[in-house]
There are 2 protein chains.
Amino acid sequence: MSEAEPSVPLSHRVPDLGALELLLAVARLGSLGRAARAQGISQPAASSRIRSMERQLGVALVERSPRGSRLTDAGALVTDWARRVVEAAEAFDAGAQALRGRRDSRLRVAASMTIAEYLLPGWLIALRAELPGTAVSLLAGNSSVVAERLLAGEADLGFVEGLAVPAGLDGAVIAHDRLVVVAAPSHPWTRRRGELTADELAVTPLILRERGSGTRQVLDAALAAHGGLAEPLLELASTTAVKAAVVSEAAPSVLSELAVGEELGARRLVEIPVRGLRLGRELRAVWPAGQRPAGPARHLLGLTRRTS
Amino acid sequence: MSEAEPSVPLSHRVPDLGALELLLAVARLGSLGRAARAQGISQPAASSRIRSMERQLGVALVERSPRGSRLTDAGALVTDWARRVVEAAEAFDAGAQALRGRRDSRLRVAASMTIAEYLLPGWLIALRAELPGTAVSLLAGNSSVVAERLLAGEADLGFVEGLAVPAGLDGAVIAHDRLVVVAAPSHPWTRRRGELTADELAVTPLILRERGSGTRQVLDAALAAHGGLAEPLLELASTTAVKAAVVSEAAPSVLSELAVGEELGARRLVEIPVRGLRLGRELRAVWPAGQRPAGPARHLLGLTRRTS
DNA sequence: TGGGGGCATAAGCTGGGGTTATGTGCAGGG
DNA sequence: CCCTGCACATAACCCCAGCTTATGCCCCCA
């Protein structure tokens, strides 16, 4: 009988980031020694680290030879999975670095939560590739906070997801988002025949983010013509909490496509099509009226346009 | 001046998986002590770990009070980024666990590389949720290897991405994939006016996987009517190597949509539309003719159907 | 045949992360 | 009003994972 689930927590079953990075270096460079140098450690350290990773996983990852090392088939697969972990870690790092908000930042960004959470790390990684060494600071908050910071000269570039450009700011649409009605796969709505109507949606108690969130605003506006939103079944403070509640509470919600993309892909949540409701919204970059972004801000703005 | 790039490697700037898991537990449970218990460590250990993570990141993550702990705004953002890292680690774990291939596995899966790499980990995570404790083993190989294992009774369920169901097997289409022509954003094709024609594609030297890969087969077949594939500019052994080469070598490639989805999203690669070429392909589950999958295999098959 | 690249083994050090024991602050009930 | 419970912090100690340097073996090639 094989040992059961998180009796041993995940972190003991997965090699740490250093080991995964090392594995990627071995895959890329074709030798333990070169990979070791690339990671700034000694060759024996790399050798032992890879070996203990193989022991931990119970799989041979690299084929050692006196002329270098190549990945085994299993090793290639493991390396690909490892790459995703490392990429997620890179996004984490890019975000965290910006959040630290050093005073000497050359680019100060203010962004709404959804954008900061889902899009900004990718932009920051791209920016780092193009303008290495540019210190970026990030402040996350709702549209009014973003506007306030920009107008106070405390931020160079903002990103908002509301319906309109806040007063005093200029802006450009950089991407489109869409709110989607989602429910757990077990919910009756997933087995409906026709599409849901806006009226039905309006009278159904939903699980929602609290009033004031960008998502909530758009939804309120869209349903205004249909008698307005019913009293929510549950109001939660974070998108994540809402997602969790949708799965367990057996009630639907309306969330940004950005936020539920993954869940829809894995069918942990199901999208419920709705007829006759415009739930699209623009994501905008904004800056103080008249002051076109320049320098790193302009660069970042360019990146965001390319990253739909 | 802030310290530069990977002078310090990623793994030293990102908290380790254990710390990230702990942070998620704090977010979920609202108290360091409860999170500690959930992770199977002592309360002081959790306290110190969170504290050192805050020191490392230079950001306050949790607001401590005598009645519990809540995330700060920055902490909520960091936690969301952390969640992705942990999810990637979960996929890694699910895959690696299966790769270990214990003899006592109750479900033995054989899958083509692309499917094993991109889809299987997600399925395994879902399966683990529904049938906890089911030991799964995975063997990755091309279609003929998959067929061979199934026919030899050494695998219970297979997944292939070729054009046809191998002889002696029954199968069901579980998802659709599409090959896409991709190029670096700097490539002239990204600035074409009309769509690319199949003939143009056929005469262009591409960067490709080696002959025999599922991708290559489909491409060969699709271009057969257009004079066949030109001699490749470069033949590489892994999808990852191909992607890297496309970016740097300034030549296009043709790859599975599954493989380049992320790169397209971040515009590291750009899709080049092609006219008059059918590059779709079916992903199929397969099993020995006449022996419908039962038990865990049937369960997994059900999951794959839901996970398009 | 000697040298160099590549991996493994050995011996020894260090520190991060763990534990137990204990202290402090706040809230709510008897 | 005080006591008890819960939550977090501090202190002292321990251990092992992972690093380093030194060295050996193997193979290829000039």
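Letters A, B, ... mirror the listed sequences (proteins, then strands); counts begin at 1. Quick note: numbers below take in every heavy atom, side chains included, and nothing from hydrogens, waters or symmetry partners.
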K.L.:
Specify the separation, in whole Å, of atom CD of B:E54 and atom C1' of D:dA9.
P.N.:
13 Å
K.L.:
Any carboxylate oxygen within less than 4.0 angstrom of a Lys/Arg side-chain nitrogen, looking at A:R216 and A:E235?
P.N.:
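A salt bridge links A:R216 with A:E235.
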K.L.:
Which is it for B:Q43 and B:S47 under the side-chain contact (heavy atoms from CB on, under 4.5 Å) test, yes or no, and what are the steps along the way?
P.N.:
CA-CA 6 Å; B:Q43 171 266 318; B:S47 182; 3.9 Å; yes
K.L.:
If I take atom CZ in residue A:R64 and atom P in nucleotide C:dA8, what distance separates them, rounded to the nearest angstrom?
P.N.:
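It is 5 Å, rounded to the nearest whole Å.
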K.L.:
Scan residues 38-50 of chain B against DNA chain D and write down, sorted by residue number, each residue with any heavy atom closer than 4.0 Å; if none is found, say none.
P.N.:
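B:Q43, B:P44, B:S47 - these, ordered by number, are the residues of the stretch whose heavy atoms sit under 4.0 Å from the strand.
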K.L.:
Could you tell me how far apart A:L29 (CG) and C:dG5 (P) are, to the nearest whole angstrom?
P.N.:
16 Å
K.L.:
Would you indicate, yes or no, if C:dA8 has its OP1 or OP2 atom less than 4.0 angstrom from a side-chain nitrogen or oxygen of A:R51?
P.N.:
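A:R51 to C:dA8 OP1/OP2: side-chain N or O found under 4.0 Å.
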K.L.:
Are side-chain N/O atoms of A:R209 and A:T239 paired as donor and acceptor at under 3.5 Å?
P.N.:
yes
K.L.:
Find the distance B:H12:NE2 to C:dG17:C1' and express it as a whole number of Å.
P.N.:
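Rounded to whole Å, this separation is 15 Å.
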K.L.:
With the threshold set at under 4.0 Å for non-hydrogen atoms, list the residues of residues 20-28 of chain A touching DNA chain D in residue-number order.
P.N.:
none
K.L.:
Identify the two heavy atoms, one from B:P296 and one from B:T134, that lie closest to each other, and give their separation to 0.1 Å.
P.N.:
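For B:P296 versus B:T134, the nearest heavy atoms are CB-CG2, 4.1 Å.
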K.L.:
After noting the C-alpha distance and the side-chain angles of B:Y118 and A:R84, does the key distance pass the side-chain contact (heavy atoms from CB on, under 4.5 Å) rule?
P.N.:
CA-CA 10 Å; B:Y118 294 98; A:R84 314 250 173 117; 2.9 Å; yes
K.L.:
Could you state the CG-P distance from A:L17 to D:dG18, rounded to the nearest angstrom?
P.N.:
13 Å
K.L.:
So, OP1 or OP2 of C:dG6: does either fall under 4.0 Å of a side-chain N or O from A:S69?
P.N.:
no
K.L.:
In the 5'-to-3' direction, what one-character label does each nucleotide of nucleotides 25-30 of chain D receive under the scheme B = base within less than 4.0 Å of a protein heavy atom, S = sugar-phosphate only, - = no such atom?
P.N.:
--SS--
K.L.:
So, are B:E21 and A:R13 salt-bridged, with charged N and O less than 4.0 Å apart?
P.N.:
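Answer for the salt bridge query: no.
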K.L.:
Using side-chain contact (heavy atoms from CB on, under 4.5 Å), reason through A:M113 and A:N142 one step at a time and then give a plain yes or no.
P.N.:
CA-CA 7 Å; A:M113 273 293 174; A:N142 61 31; over 6 Å; no
K.L.:
Kindly give the heavy-atom pair with the smallest separation between A:E117 and B:W81, and that separation in Å.
P.N.:
O-NE1, 3.1 Å
K.L.:
Go through C:dC7, D:dA7, C:dG17 for me and flag the one nearest to the B:R37 side chain.
P.N.:
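Closest nucleotide among those given: D:dA7.
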K.L.:
Should B:E54 and B:R64 count as an ion pair when the cut-off is N to O under 4.0 Å?
P.N.:
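Answer for the salt bridge query: yes.
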K.L.:
Between the side chains of A:T240 and B:R83, is a donor N or O closer than 3.5 angstrom to an acceptor N or O?
P.N.:
yes
K.L.:
Nearest-Å distance, CD (B:Q56) to C1' (C:dG17)?
P.N.:
13 Å
K.L.:
Could you check whether B:E63 and B:T72, counting side-chain N and O atoms only, form a donor-acceptor pair closer than 3.5 Å?
P.N.:
no
